[in-house]
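Here the structure is a predicted model, which is why all the values come from computation and not from measurement. So that the names make sense, note that chain A is the first sequence line, chain B the second, and so on, each numbered from 1.
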2 protein chains.
Amino acid sequence: MSTYSISEVAKELNLTTYTLRYYDKEGLLPFVERTPNGTRLFKESDIGALRIIECLKSTGMPIKEIKSFIDWCQDGDSTLQQRFDMFLERKAAVEAQLAELNKTMEIINHKCDYYKTALDAGTEDIHKDDKIGSLN
Amino acid sequence: MSTYSISEVAKELNLTTYTLRYYDKEGLLPFVERTPNGTRLFKESDIGALRIIECLKSTGMPIKEIKSFIDWCQDGDSTLQQRFDMFLERKAAVEAQLAELNKTMEIINHKCDYYKTALDAGTEDIHKDDKIGSLN
DNA sequence: TTAACCCTTATAGTTAACTCTAAGTCAAGC
DNA sequence: GCTTGACTTAGAGTTAACTATAAGGGTTAA
């Protein structure tokens, strides 16, 4: 079974070795094994775990909460309910983020139209009547 | 024309007065007028401007870049091109964020299914063969 | 065998965006 | 006229998530 060094993993996941050691220090990587002299040996499955960690991070979950999840994983079946609830919560969080981002996109699209028209006209004055704020 | 106090605006936009003064200090609110004794008087249009600022922030734009945009707005038609380009950039940024968030959502949905099945079975062992990593 | 380069640990510094405190001003109500 | 409460400023403190430094050990290539 092949293993990876910390810098190989960093490259693969677009992280730095600093970040990976930081995650380890924060208790996010208890499953990573070491050589007799202390060097971390990442397994394929550890990279998979890191992808899940990155996924949770991208939902806005702070590292301390991700650590709770890691701990639950180590505790086995007795924490299945907590983990399920956690993912339901994350799902709701992502849905909310998607909704907000879509609203944001609408405003941005309006602004793109606004500026395209203004640029064609050479002046913003053309929009005198539909200004949204002091800003455009 | 009606005006609003800093705390009214804070309430309306779900911000704190601290945050609004911080934005002002950072140069985001040069258009907000003051009473003779220095109290800020927010106009309806200033609230509109703040909504745009919040929109830009939600695209991940840092405050210093938002300030550039504010400055361009004060400079008039000569900066139309910069402002148009900025919004095109923001549009691309939001599209990228939406794409990533949708990928995230897929993984989260898989996890929800995984845990629903495991909970029904009473054990995670049921998924022995399709584990994604050290983590589940 | 020694330089290059990876790795280790512990710890300090950075950054963004707030968040709060201290000291003081000002207008309204009792 | 004095307290209450919102406002002002400058500046210090907080937080999360890195990011870097220092001091040193182990393995590989000329």
Side-chain angles (χ1 to χ4, degrees), chain A residues 2-43 46-47 50-70 90 93 97 100 104, chain B residues 2-43 46-47 50-70 90 93 97 100 104:
Chain A
S2 68
T3 59
Y4 305 86
S5 75
I6 195 170
S7 55
E8 288 169 330
V9 175
K11 197 172 179 185
E12 173 70 21
L13 298 177
N14 269 302
L15 299 169
T16 66
T17 56
Y18 294 141
T19 303
L20 285 170
R21 290 197 199 97
Y22 166 69
Y23 285 177
D24 199 1
K25 192 164 54 176
E26 294 300 307
L28 261 47
L29 311 175
F31 40 77
V32 173
E33 295 179 11
R34 307 280 187 123
T35 64
N37 63 57
T39 300
R40 290 172 189 83
L41 281 183
F42 289 81
K43 299 181 291 296
D46 297 342
I47 294 177
L50 272 161
R51 286 191 209 281
I52 300 299
I53 288 171
E54 290 305 293
C55 167
L56 290 173
K57 260 170 47 65
S58 78
T59 72
M61 200 172 182
I63 280 173
K64 279 181 186 179
E65 279 177 45
I66 298 179
K67 184 185 165 8
S68 300
F69 169 63
I70 306 282
R90 286 300 100 199
Q97 284 169 48
E100 204 203 313
T104 296
Chain B
S2 68
T3 57
Y4 305 87
S5 74
I6 195 170
S7 55
E8 287 169 330
V9 174
K11 198 172 179 186
E12 173 69 20
L13 298 177
N14 270 304
L15 299 169
T16 66
T17 56
Y18 296 140
T19 303
L20 286 170
R21 291 198 196 96
Y22 166 69
Y23 286 177
D24 199 0
K25 192 165 51 178
E26 295 299 308
L28 262 47
L29 311 175
F31 41 76
V32 173
E33 296 180 9
R34 307 279 187 124
T35 63
N37 62 59
T39 300
R40 291 171 188 84
L41 280 183
F42 290 81
K43 299 182 290 298
D46 297 343
I47 295 178
L50 273 161
R51 284 191 211 280
I52 301 298
I53 289 171
E54 289 306 292
C55 168
L56 290 173
K57 260 170 46 65
S58 78
T59 72
M61 199 174 185
I63 279 172
K64 279 180 188 180
E65 279 176 46
I66 298 179
K67 183 185 165 10
S68 302
F69 168 63
I70 306 282
R90 284 302 98 198
Q97 284 170 47
E100 204 204 313
T104 296

To the nearest angstrom, how far is [X] atom [atom1] from [N] atom [atom2]?
X      : N       : atom1 : atom2 : answer
Y18(B) : dT19(C) : OH    : P     : 10 Å
L20(B) : dC20(C) : CG    : P     : 14 Å
D24(B) : dC18(C) : CG    : P     : 14 Å
L29(A) : dT9(C)  : CG    : P     : 12 Å
Y23(B) : dT8(D)  : OH    : C1'   : 20 Å
L15(B) : dA17(C) : CG    : P     : 14 Å

Check: protein-nucleotides 5-8 of chain C nitrogen or oxygen pairs below 3.5 Å:
| unit_1 | atom_1 | unit_2 | atom_2 | d |
| --- | --- | --- | --- | --- |
| dC7(C) | OP1 | S5(A) | OG | 3.3 |
| dC7(C) | OP1 | S7(A) | N | 3.2 |
| dC7(C) | OP1 | S7(A) | OG | 3.0 |
| dT8(C) | OP1 | R40(A) | N | 3.3 |
| dT8(C) | OP1 | R40(A) | NH1 | 2.3 |
| dT8(C) | OP2 | R21(A) | NE | 2.5 |
| dT8(C) | OP2 | R21(A) | NH2 | 2.9 |
| dT8(C) | OP2 | R40(A) | NH1 | 3.2 |

Using a 4.0 Å heavy-atom cut-off to protein, can you give one letter per nucleotide of nucleotides 11-16 of chain D, 5' to 3': B if the base is in contact, S if only the sugar-phosphate is, - if neither? B-----
Side chain to side chain contact (heavy atoms under 4.5 Å, CB included) evaluation trace for Q97(A) with T104(B): CA-CA 11 Å; Q97(A) 284 169 48; T104(B) 296; over 6 Å; no
Go through it in stages, so that I can follow the logic: the residues are E12(A) and F42(A), the test is side chain to side chain contact (heavy atoms under 4.5 Å, CB included), and I'd like the CA-CA distance, side-chain angles, deciding distance and then a yes or no. CA-CA 12 Å; E12(A) 173 70 21; F42(A) 289 81; over 6 Å; no
Looking at K43(B) and D46(B), is there a salt bridge between them, counting it only when a charged N and a carboxylate O are closer than 4.0 Å?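 A salt bridge links D46(B) with K43(B).
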Take atom CD of E100(B) as the centre, draw a 6.0 Å sphere, and report whether it contains more than 12 heavy atoms from other residues, nucleotides or ligands.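 No.
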Hey, is the main chain of S5(B) close enough, under 3.5 Å, to the side chain of E8(B) for a donor-acceptor pair?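 Yes: the side chain of E8(B) pairs with the backbone of S5(B).
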Side chain to side chain contact (heavy atoms under 4.5 Å, CB included) assessment of R90(B) paired with M61(B): CA-CA 8 Å; R90(B) 284 302 98 198; M61(B) 199 174 185; 3.9 Å; yes
Name of the residue among L13(A), I70(A), I63(A) meeting side-chain contact (heavy atoms from CB on, under 4.5 Å) with I53(A):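 Of L13(A), I70(A), I63(A), side-chain contact (heavy atoms from CB on, under 4.5 Å) with I53(A) is met by I70(A) alone.
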Evaluate L29(B) against L50(B) for side chain to side chain contact (heavy atoms under 4.5 Å, CB included), listing each step before the verdict. CA-CA 8 Å; L29(B) 311 175; L50(B) 273 161; 3.7 Å; yes
